Engineer: 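Pasting in a structure now, in structure tokens, and then I'll have a few things to ask.
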Amino acid sequence: MDLELAGKRALVTGSSRGIGRAIAGALRAEGCEVVLNGREPLRLAEAAAALGCDSLAADVTDAADCARLFETVEQRYGRLDVLVCNVGSGRSLPPGREDGAEWLRMLNLNLMAAVNAIQAARPLMARTGGAMLCVSSICGQAALGAPLAYSAAKAALDSYVRGAARVLAADGIRLNALAPGNVLFSGSVWEGKLAQDEAAVRQMLEREVALARLGSDREIADTAAFLCSARASFTTGSVVVVDGGQLRA
């Protein structure tokens, strides 16, 4: 299937490693001109060289720095067709032990990083329309034992996507979210859990996940590329779950 992404300009935040890097790679493979973004210039440059992409270092959790990022995109490239908001982290304190600072940190990483990027990119993308995608988590839809502040922030992100999609539609922009389940990649939480107690992980997967396995970053990236493409042109305001059948009605 031709996703009709060839020649499109895309920016992926949080794309120096993990799911963000995989999404950037999938878009690149479809012919997109991809710009990577992250806070660590050296790691970002290494990823960009490996994928054959451009890169722009910036901290999108900082509204001013995020605004400067998209000013640079406009000056350098003149347009933006696809925005993927991937900045986020599930590493937090155990449920009930969060203080105010930790709540704000989780909200800033998992909600405001996306809000900042979408608001900054909107004027540029409104010229020709395009697709925006936020990487969320199934933890925003169910109590799965994940850190509470992380789960609440992802739930807020899902709510934002559903509401903002209607506003952005007036500019010809589609906005969706992708909610992965348990995904294994280099440096992931699940890599550490497998190293610590592989048997316990396998038991959990057989008990909780219909497909009884972890997902891969490539599987998430392929779904992301579809949602960013013209093949998903009637899809907006949706939170698409890719979790191997873990969530149950």
Side-chain angles (χ1 to χ4, degrees), residues 9-21 23-24 27 33-48 53-92 98-137 140 149-150 152-165 167-168 170-177 228:
R9 174 66 61 182
L11 185 143
V12 184
T13 72
S15 50
S16 61
R17 65 185 183 91
I19 289 175
R21 178 168 172 165
I23 292 173
L27 293 173
E33 300 297 329
V34 180
V35 181
L36 306 186
N37 161 257
R39 292 185 294 186
E40 300 177 28
L42 180 58
R43 177 178 285 177
L44 190 64
E46 291 173 349
C53 300
D54 289 349
S55 65
L56 292 171
D59 181 358
V60 294
T61 68
D62 181 295
D65 202 23
C66 186
R68 286 191 290 270
L69 168 65
F70 287 95
E71 288 172 3
T72 301
V73 170
E74 181 175 14
Q75 293 166 2
R76 187 170 299 182
Y77 307 110
R79 77 178 207 283
L80 185 66
D81 306 297
V82 173
L83 170 65
V84 179
C85 301
N86 178 65
V87 169
S89 173
R91 290 180 167 87
S92 184
E98 309 90 349
D99 58 13
E102 181 62 7
W103 275 98
L104 289 175
R105 187 179 77 87
M106 283 284 97
L107 286 166
N108 206 33
L109 277 170
N110 294 291
L111 173 63
M112 293 311 301
V115 173
N116 290 341
I118 288 167
Q119 289 181 340
R122 180 183 178 183
L124 179 57
M125 295 182 67
R127 298 175 186 173
T128 56
M132 296 178 173
L133 180 69
C134 296
V135 178
S136 185
S137 167
Y150 170 70
K154 289 301 190 184
L157 178 62
D158 292 348
S159 179
Y160 170 77
V161 166
R162 293 185 181 105
V167 176
L168 292 168
D171 293 330
I173 300 171
R174 295 186 301 107
L175 172 63
N176 293 290
C228 291

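Remember, it's a predicted structure, so these values are computed and weren't measured experimentally.
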Engineer: Quick check: do R174 and L168 have side-chain heavy atoms less than 4.5 Å from each other?
Structural biologist: no
Engineer: When you measure from the side chain of N176 to the backbone N and O of L133, does any donor-acceptor pair fall under 3.5 Å?
Structural biologist: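 Side chain of N176 to backbone of L133: no pair is present.
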Engineer: Is there a side-chain contact (heavy atoms from CB on, under 4.5 Å) between L83 and M125? Walk through the geometry before answering.
Structural biologist: CA-CA 9 Å; L83 170 65; M125 295 182 67; 4.0 Å; yes
Engineer: Are the side chain of S16 and the backbone of R43 linked by a donor-acceptor contact shorter than 3.5 Å?
Structural biologist: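 The answer is no, because no donor-acceptor pair under 3.5 Å joins these two groups.
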Engineer: Go through V34 and D54 one step at a time and tell me if the side-chain contact (heavy atoms from CB on, under 4.5 Å) criterion holds.
Structural biologist: CA-CA 7 Å; V34 180; D54 289 349; over 6 Å; no
Engineer: To the nearest 0.5 Å, what is the distance between CG on L44 and CZ on R17?
Structural biologist: 12.5 Å
Engineer: Find out whether L109 and V87 are in side-chain contact, i.e. whether some heavy atom of one side chain is under 4.5 Å from a heavy atom of the other.
Structural biologist: yes
Engineer: Calculate, to the nearest 0.5 Å, the distance between atoms OG1 and CZ belonging to T61 and R39 respectively.
Structural biologist: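 It comes to 5.5 Å.
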Engineer: So which heavy atom on A149 is nearest to which on W103, and how close?
Structural biologist: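 Reported closest heavy-atom pair: CA-CZ3, 3.6 Å.
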Engineer: Please report the interatomic distance CG(L11) to CZ(F70), rounded to the nearest 0.5 Å.
Structural biologist: 5.0 Å
Engineer: What are the two closest non-hydrogen atoms of I118 and C85, and how far apart are they?
Structural biologist: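 Shortest heavy-atom contact: CG1-SG, 4.0 Å.
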Engineer: Quickly, which of T13, N86, V12 forms a side-chain contact (heavy atoms from CB on, under 4.5 Å) with V135? Name it, please.
Structural biologist: N86
Engineer: Between C53 and L36, which heavy-atom pair has the shortest distance, and what is it?
Structural biologist: CB-CG, 4.1 Å
Engineer: Rounded to the nearest 0.5 Å, how far apart are NZ of K154 and OG of S137?
Structural biologist: 6.5 Å
Engineer: Could you go step by step and tell me if L56 and R76 meet the side-chain contact (heavy atoms from CB on, under 4.5 Å) rule?
Structural biologist: CA-CA 11 Å; L56 292 171; R76 187 170 299 182; 3.3 Å; yes
Engineer: Only counting residues at least two apart or in another chain, list the ones meeting salt bridge (charged side-chain N to carboxylate O under 4.0 Å, His left out) with E74.
Structural biologist: R127
Engineer: How far apart are the closest heavy atoms of A153 and L111, and which atoms are they?
Structural biologist: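 Between these two residues, the closest heavy atoms are O-CB, 4.3 Å.
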Engineer: For the CG atom of L157 and the CG atom of L107, what is their distance to the nearest 0.5 Å?
Structural biologist: 10.5 Å
Engineer: Give the minimum heavy-atom separation between V35 and R9, together with the two atoms involved.
Structural biologist: CG2-NH1, 3.8 Å
Engineer: Would you compute the distance between atom CZ of R105 and atom CG of D99 and round it to the nearest 0.5 angstrom?
Structural biologist: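 Between atom CZ of R105 and atom CG of D99 there are 10.0 Å.
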Engineer: With no hydrogens and no angle check, just 3.5 Å: does a side-chain donor-acceptor pair link D158 and S136?
Structural biologist: yes
Engineer: Could you tell me which residues satisfy side chain to side chain contact (heavy atoms under 4.5 Å, CB included) with A165, sequence neighbours excluded, listed by chain and number?
Structural biologist: L175, T236
Engineer: With no hydrogens and no angle check, is any side-chain donor or acceptor of N108 less than 3.5 Å from a backbone partner on L104?
Structural biologist: no
Engineer: Any idea which heavy atoms bring A10 and L27 closest together, and the distance?
Structural biologist: CB-CD1, 4.0 Å
Engineer: Without swapping roles, check the side chain of D62 against the backbone of A64 for a donor-acceptor pair under 3.5 Å.
Structural biologist: yes
Engineer: Taking the side chain as every heavy atom from C-beta outward, state whether S55 and N37 have any atom pair closer than 4.5 Å.
Structural biologist: no
